[in-house]
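Working notes for the structure below.
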Amino acid sequence: KVDGLEIRYAEINKDADKCLVFLHGWGGSLDSWKGFLSGFAGENVRILALDLPGFGQSQHPPQPWTVADYSNLLKNFLDELRLNKIYLFGHSFGGQIAVKFAHAYPERLKKLFLSGAAVIRPKPSLSKIILSLLAKVFKILLLGKGKRLRRFIYRAIGSADYGNLTESVMRQTMANVIADDLSSLLPEIKLPAVIIWGKNDAYTPYQHFLRIKKLMPKAKTFVFNDAKHGLHLQKPKELKQIVMDNLN
């Protein structure tokens with residue numbers, strides 16, 4: 001239990017000297033990471049991964065959360081397990097949390113790994129604002145009907161995940177998350193960092209990687225030219241090797 005919430009987590013190699021914590025993306029959970037994480041069995045690194053609140057089998061937040069709330073949850077999770085200096089790996093939304101955590105608690109980290117990190121949150125264009133308003137109007141008019149139409153509208157504004165949410169708490173949480181652009185924090189993070197990307201990523205575009213690289217010029221970078229967003233599913237062996245090579 002952390003912050004009053006029951007949190008599901010997985011652990012591998014409990015007695016290893018080094019500790020690496022994984023944060024999944026929005027809509028994800030431990031389940032899609034099990035195959036990748038099992039590849040670390042027997043390595044000299046303690047692996048921890050958790051279902052973030054609102055996902056998988058962890059409890060939902062009692063009220064809408066911000067990225068800072070998730071960052072604080074991670075701090076308290078580490079405190080519960082009496083972990084101090086760790087390696088932190090954040091994928092997509094998990095990368096957004098990892099950046100927030102690295103900025104707020106740099107003393108708790110040895111190195112930061114970012115994979116397809118959703119750190120850059122562009123302001124919506126006028127067309128997306130109009131479509132968003134239309135989505136709200138349709139929601140009122142349809143009164144629970146026309147799910148396909150609503151999904152089409154949400155997909156058009158780039159918020160298909162939002163359209164799939166049923167709880168108001170998580171809808172507002174997602175609104176808070178996608179409004180929080182963390183690019184201004186990146187130059188202030190002085191920790192060693194590794195940035196990993198799929199060049200064909202449609203969720204966090206390659207242009208975002210280039211901007212993050214520019215804002216964190218000392219970070220080590222890796223790009224898979226033939227991969228998309230979920231590198232732990234598409235390139236598990238290669239991704240694991242990059243991680244193991246950079247645990248120092």
Side-chain angles (χ1 to χ4, degrees), residues 1-16 18-62 65 67 69-83 86-102 108-109 111-118 161 164-167 169-170 173-174 177 194 196 198 201 203-204 227-244 247:
K1 227 172 187 184
V2 185
D3 294 344
L5 302 176
E6 290 186 356
I7 303 297
R8 179 177 76 150
Y9 73 98
E11 186 171 30
I12 303 174
N13 309 324
K14 186 175 181 178
D15 297 325
K18 302 173 183 177
C19 182
L20 172 61
V21 177
F22 285 88
L23 304 178
H24 63 75
W26 187 272
S29 71
L30 285 175
D31 297 323
S32 68
W33 285 80
K34 284 181 179 178
F36 173 70
L37 297 177
S38 66
F40 288 89
E43 299 284 3
N44 186 29
V45 54
R46 182 181 181 182
I47 300 294
L48 288 167
L50 62 153
D51 282 348
L52 295 167
F55 304 97
Q57 295 181 28
S58 290
Q59 286 185 304
H60 285 212
W65 271 21
V67 179
D69 290 320
Y70 280 99
S71 171
N72 291 335
L73 180 282
L74 175 60
K75 174 187 175 296
N76 294 335
F77 174 81
L78 297 176
D79 288 345
E80 286 287 334
L81 296 179
R82 298 181 180 180
L83 291 170
I86 66 159
Y87 297 87
L88 182 60
F89 185 110
H91 167 67
S92 196
F93 167 53
Q96 190 178 15
I97 298 170
V99 166
K100 197 81 163 182
F101 184 88
R108 304 296 296 267
L109 297 183
K111 184 173 287 187
L112 177 66
F113 292 84
L114 299 176
S115 171
D161 287 336
N164 291 330
L165 294 174
T166 57
E167 291 193 11
V169 167
M170 292 309 293
T173 295
M174 185 174 184
V177 166
V194 178
I196 315 161
D201 194 329
Y203 290 93
T204 51
K228 298 181 181 180
H229 192 56
L231 297 178
H232 62 293
L233 300 174
Q234 300 166 52
K235 302 285 185 179
K237 292 182 180 179
E238 296 89 340
L239 183 60
K240 181 207 166 184
Q241 192 61 52
I242 289 173
V243 171
M244 292 301 299
L247 291 180

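Throughout, numbering of the chain's residues begins at 1 and tracks the sequence. What you see below is based on every heavy atom in this structure, not just the backbone, and it leaves out hydrogens, waters and symmetry mates.
- Rounded to the nearest 0.5 Å, atoms CZ (Arg46) and CG (Leu81) are 6.0 Å apart.
- In this structure the side chain of Thr173 never reaches within 4.5 angstrom of the side chain of Asp69, judged on heavy atoms.
- Using a 4.5 Å cut-off on side-chain heavy atoms (C-beta onward), Val243 and Phe40 make contact.
- Counting non-hydrogen atoms of other residues, nucleotides and ligands closer than 6.0 Å to CZ of Phe77 gives a total above 12.
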- [ ] Test Gln96 against Val177 for side-chain contact (heavy atoms from CB on, under 4.5 Å), laying out the working first.
- [x] CA-CA 9 Å; Gln96 190 178 15; Val177 166; 3.1 Å; yes
Open item on the list: Walk me through whether Leu48 and Ile86 qualify under side-chain contact (heavy atoms from CB on, under 4.5 Å).
Closed with: CA-CA 10 Å; Leu48 288 167; Ile86 66 159; over 6 Å; no
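- No more than 12 heavy atoms of other residues, nucleotides or ligands shown are found within 6.0 angstrom of NZ on Lys228.
- Considering all non-hydrogen atoms of both residues, Ala98 and Leu23 come closest at N-CD1, 4.1 Å.
- Residues Arg108 and Leu83 approach most closely at NH2-O, 2.6 Å, considering heavy atoms.
- For the pair Leu109/Phe101, a side-chain contact is recorded, criterion being any heavy-atom separation below 4.5 Å from C-beta on.
- Using modelled atom types, one side-chain atom of His24 and one backbone atom of Leu52 make a donor-acceptor pair closer than 3.5 Å.
- Taking 4.5 Å as the limit, some side-chain heavy atom of Phe93 sits within range of a side-chain heavy atom of Phe55.
- One distance of note links CG of Asp3 with CG of Asn72; it measures 7.5 Å at 0.5 Å rounding.
- Here the side chain of Glu6 pairs no donor or acceptor atom with the backbone of Gln59 at under 3.5 angstrom.
- Under the 3.5 Å distance criterion, the side-chain polar atoms of Asp51 are matched with a main-chain donor or acceptor of Gln57.
- Within the 4.5 Å cutoff, the side chain of Leu50 has heavy atoms near those of the Leu73 side chain.
- When all heavy atoms of Tyr70 and Pro61 are compared, the pair lying nearest together is OH-CG, 4.2 Å.
- Lys240 places a side-chain N or O within 3.5 Å of a backbone atom of Gly39 that can act as its donor or acceptor partner.
- Among all heavy-atom pairs drawn from Ser92 and Gly25, the shortest one is CB-CA, 4.0 Å.
- Of all the heavy atoms in Ser58 and Arg8, the pair that sits closest is OG-N, 3.0 Å.
- To the nearest 0.5 angstrom, Leu239 atom CG is 4.5 Å from Phe89 atom CZ.
- By the 4.5 Å heavy-atom criterion applied to side chains, Pro62 and Val169 are not counted as neighbours.
- Distance check, rounded to the nearest 0.5 Å: CG of Asn44 to CG of Leu247 gives 9.5 Å.
- Annotation for Thr204 and Asp201: closest pair OG1-OD2, 2.7 Å, computed over non-hydrogen atoms.
- Here the NE2-CZ distance, from His232 to Phe22, works out to 10.0 Å after rounding to the nearest 0.5 Å.
- Taking CD of Glu80 as the start and NZ of Lys1 as the end, the distance is 11.0 Å to the nearest 0.5 Å.
- Of the possible donor and acceptor atoms, none in the side chain of Ser71 sits under 3.5 Å from a partner among the backbone N and O of Val67.
- Residues Val45 and Ile12 have side chains not in contact (no heavy-atom distance under 4.5 Å, counting atoms from C-beta outward).
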